[in-house]
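Each ligand, and each atom within it, is numbered from 1 in the order the structure gives. All values derive from a computational prediction rather than experimental measurement.
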Amino acid sequence: MFLLSRTIVLCSLVAATALSCISAVPQTANTRNVILVMSDGVRWQEVFRGADETLLTPKNYWDSRPVETLKKDFLASTPEARRAQLFPFLWGTVATRGRLYGDLDEGSDAHVTNPYNFSYPGYSETLTGHADVNINSNDNKPNPNITVFEWLNQQPSLHGKAAAFGAWEVFTGIFNAARCGFPVNVSYDPLVLTPSTSAIDLLNDQKANAPRVWPDEAFDAPIFSTALEYLKLKQPRVMFLSLGETDDWAHGGNYGEYLLSAHRVDADLAKLWSTLQSLPQYRDNTTLIFLTDHGRGSSAESWKNHGQKIPESKNIFIGLLGPGVQPAGLEKNTAPVTQSQVAATIAKLLGFDWNAREPLAGKPLDLGR
Ligand SMILES: [Zn+2]
């Protein structure tokens, strides 16, 4: 009954196109909003095993800074306790009330399908639902492919309700900001709102005046806070947020700071989730998806890097939490899942069929609802 009436309503909307009617599928268990959060280059090993004692040395911190405090904070005696120290929200909430894929130790394989294992191809695969072999560099070029965000923003019921925030400047290319029709705020760029708010003005000042350790990527903190402020102000129904420090510190060989930035991302997820549950627009009707664009190497040296020459860096994790997700906890001994399934999963949660628009896209994850 619900499905039928919803379809009729959709097709009766003056602005609804024939394509919208064809594309409408049952909205999943009252998910009205989807928030997609990605943290760049986080290894499945830390997510499921916690901090690696062999990598947590002064040389792998700030080239001599002591690591005693980090050891106390992140090196409990068992993998289960270590991972909960590093990612308390992921293990305390997502893994108990949602689903978590990618623990290879437990027979759950999550991987990218693009052959490159680096960022632009991974974000594009996530957002379009398919690998594109021609996307083979991290150059900031406009993505010729349409993302599921761009398509959802074209749907009458979601028009003007998409937004994207990224620490990395290349998201203007990945989303094709010149074409996509919704705000894509990146890196050190100010978020320009009319009228603005004192909080946004302050965040813009901090981005403009902070040290630029990485010329193409701002620190995570102002990016997260800008996204959270925008969410409270504009209440988007489909929002993207990517944080980048995890990848940058790892490339720099700074395992200590890599752990700390991953721990901050987990705290960001907790703050985001509690904010969502405090707002009537989002409470009990918002699904959160959390994953990474690629993994990293598994050895004492290759953990710093990723790419085609490090085949195991194709392995990722995917976590989901919300009314569209039947709780299953940690996936064990399940069929492999892929990054290319995320785009269609987002659409399905909101009642749309991305596979009808993009036949190359992976099918939605089976979330039991
Ligand atoms: Zn990288």
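Using a cut-off of 2.8 Å, one finds that Asp247 contributes an N/O/S atom close to the Zn ion (ligand 1).
In this model, no donor atom of one side chain and acceptor atom of the other lie less than 3.5 Å apart for Asn143 and Asn176.
Taking the Zn ion (ligand 1) as reference, the nearest N/O/S atom within His306 carries the name NE2. For His251, the N, O or S atom closest to the Zn ion (ligand 1) goes by the atom name NE2.
Judged by a 6.0 Å distance limit and a 45° cone about the ring axis, Arg65 is positioned over the six-membered ring of Tyr61.
Using modelled atom types, one side-chain atom of Glu125 and one backbone atom of Ser340 make a donor-acceptor pair closer than 3.5 Å.
Contact of the Phe118 side chain with the Asp40 side chain is not registered, since no non-hydrogen atoms from C-beta on lie closer than 4.5 Å.
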